[in-house]
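Only one structure is covered here, and it is reproduced in the block below.
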There are 2 protein chains.
Amino acid sequence: MEGKSVAGRIHDAIHRLTSAEKRAARGLLGSYPTLGLAPVAEFAQQAGASSATVLRFVSQLGYKSYPDFQRALREELEERSKSPLQRSSASGGRARADEHFLDRFVTQAVDNLRGSAALIPASEFEAVCTRLAENRGACYLAGGRFTDFLAGYMEAHLRLVRPGVRRLDGRPATRADQLIDVRPGDLAVVFDVRRYDPSLVEVATDLAARRAQIVLITDEWMSPVSRFARFVLPCRTEIGRTWDANGSLFTLVEAVIARTTELSWPTASKRMGSIEKG
Amino acid sequence: MEGKSVAGRIHDAIHRLTSAEKRAARGLLGSYPTLGLAPVAEFAQQAGASSATVLRFVSQLGYKSYPDFQRALREELEERSKSPLQRSSASGGRARADEHFLDRFVTQAVDNLRGSAALIPASEFEAVCTRLAENRGACYLAGGRFTDFLAGYMEAHLRLVRPGVRRLDGRPATRADQLIDVRPGDLAVVFDVRRYDPSLVEVATDLAARRAQIVLITDEWMSPVSRFARFVLPCRTEIGRTWDANGSLFTLVEAVIARTTELSWPTASKRMGSIEKG
DNA sequence: GCCCCTCTGAATTTATGATTTCAGCATTGA
DNA sequence: TCAATGCTGAAATCATAAATTCAGAGGGGC
């Protein structure tokens, strides 16, 4: 009972509903699930029944109150948007099973990429790149178990573009030494995806205490570091397998690097030229 | 103003939101639109802010009340489910020039990803993963200046899946030591993109002399290492800027890891379990 | 390092929406 | 046709969620 979808419950219950209640059921199925998310009065009106009837209908489905019923609808909606299956029907005639693993994986990765672009406000992205291009103060980078390589990749590129780039390694023993020079207004880019690394929260706490501005690059579930972050760039990573996919973070990093380079081109090009020679 | 999507309004408004309000904005974008359909108190709690802040946030978006805001969300949801599924994201098919840097970059990255999938024969991909999953002999990883981080990322994951994973670092001084144990039939994954790293050719030569099987992950212009490689997985990287984009390589790595994990699941799951505990 | 101003969330008030009640009406069967 | 049954929705009540207020915290600027 508990675990059934609302639509499923309607189907089960429809035969013992009274006629006005059926009107409510049809109304809901007709614009599912939106109508159920509206206030009772609106639901009633749209479905051509009274509020009282709608309430009786809901209680027939086994929900102990209208808000309870709405919560179920919301959870269903959330569930649906998380599962990657949703757009299999419609336009694409081809069978999924036909595609090769790599194709399916790439399709997922593309979705994650697009989803990430939608999740990140342009202004936030721009603000981060501008701040990176300013060359004010130092810029620290830190990552977790797997994301450390992202931090490394970013560091390697950023070094070419601006001075003062440092990487914080993960060893607690050396942390104090590394953080001692952090000054107010310095920038810190922190990577953290689930399962979130507790030590990064400590690092972030420390950085925040020293008044560094934190840029957090994380997944859609949002690392706890976000509490301390000045800027947050969340990416979609879910792919429904053993591991999440960090490809979208990687591409975000490349985008940040590219944009930062663009913004600081006069400085950066000179710098890169001289590194090339030296 | 009236006709804008809620997400659109958030993007427009985010720069003038206070930090607690931004938390609300991110919370909503993170589970859009469900969180906004919940009562204020729940929204607030999930987003890590107070109800008052959520209300202020909503009013910043230009809605005159919370119910008004919820109505907008419901209408959007209704709209979405009515129009054909593949509507171009949010604001419709506006001109390229209008799009922000990140959107354009992501579009490029998506092209590269698709291009890579087309460039790599399914059989080649599958053969590599199968070979990795076999757990025969050791598996060495090596990369160049920037791709070294890809090697590191792959190593970190591969270690969880199979034994005998080693990373070759770039220092010529230690190379001989590292290669001394390579035996015929061992596997070596080499990353190389332009401008190709001469030292990788040397490493590859050496590996080939010791009869290791080389898997080369490279770009569309094909590293010279390909001469020695048993398997080649080329990716599209061109993006028409200062740097090429290696996002497609990264996603390829993730795909290889995922597929390899899948193929060696009985072994891998046990191994991962015991690492988890230990 | 200090002060000022803005932001924040707990507490309170107000408003709105959910629930219940009940009189009347429709339906069904004798 | 008439009674009995029980469905229905208008209106009253009750509960809960939204809006407002304000004291205190925190951040930014000088």
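Below, each value reflects all heavy atoms present in this structure, side chains not excepted, and no hydrogens, waters or symmetry copies. Every chain is numbered from 1 and lettered A, B, ... according to where its sequence line falls, protein lines coming before strand lines.
- Side chain A/Arg211 to base D/dG27: no donor-acceptor pair is found below 3.5 Å.
- For B/Leu55, the side-chain atoms get nearest to D/dA19 when compared with the rest of D/dG9, D/dA19, C/dA18.
- Between A/Thr18 and D/dT8, a side-chain N or O to OP1/OP2 separation shorter than 4.0 Å is present.
- To the nearest angstrom, P of D/dA19 lies 10 Å from NZ of B/Lys64.
- What separates CZ of A/Phe228 from P of D/dG26 is a distance of 13 Å, to the nearest Å.
- Salt bridge present: A/Arg71 and B/Glu42 bring a charged side-chain N and a carboxylate O closer than 4.0 Å.
- Salt bridge A/Glu126/A/Arg259: present, at least one basic N to carboxylate O contact under 4.0 Å.
- For the residue pair B/Glu254/B/Tyr153, the side-chain donor-acceptor check at 3.5 Å is satisfied.
- You'll find that the side chain of A/Arg56 is closest to D/dG9, out of C/dG9, D/dG9, D/dA18.
- Residue A/Thr53 places at least one side-chain N or O closer than 4.0 Å to OP1 or OP2 of D/dG9.
- B/Gln70 has its CD atom 11 Å from the P atom of D/dA17, to the nearest Å.
- Residue B/Ala20 is the one, among A/Ser51 and B/Ala20, whose nearest nucleotide of DNA chain C lies closer to the 5' end (criterion: closest heavy atom).
- Rounded to whole angstrom, the span from the NZ atom of B/Lys22 across to the P atom of C/dC7 amounts to 11 Å.
- For the residue pair A/Ser223 / A/Asp192, a side-chain donor-acceptor distance below 3.5 Å is found, with atom types taken as modelled.
- As a whole-Å value, the separation of A/Gln60 CD from D/dG6 C1' is 13 Å.
- Rounded to a whole Å, the CG atom of A/Leu37 is 15 Å from the C1' atom of C/dG17.
- Here A/Ala52 lies in heavy-atom contact (under 4.0 Å) with a base.
- Atom CZ of A/Phe69 is separated from atom C1' of C/dG17 by 15 Å (rounded to the nearest Å).
- Below 30°, between 30° and 60°, or above 60°: for A/Tyr66 and A/Phe69 the angle between ring planes is between 30° and 60°, a tilted geometry.
- Taking for each of B/Pro39 and A/Arg230 the nucleotide of DNA chain D with the nearest heavy atom, the 5'-most of the two is the partner of B/Pro39.
- Between the CD atom of B/Gln45 and the P atom of D/dA17 there is a distance of 13 Å, rounded to whole Å.
- When each of D/dT8, D/dA17, C/dA18 is scored by its nearest atom to the side-chain atoms of A/Ser19, the top-ranked nucleotide is D/dT8.
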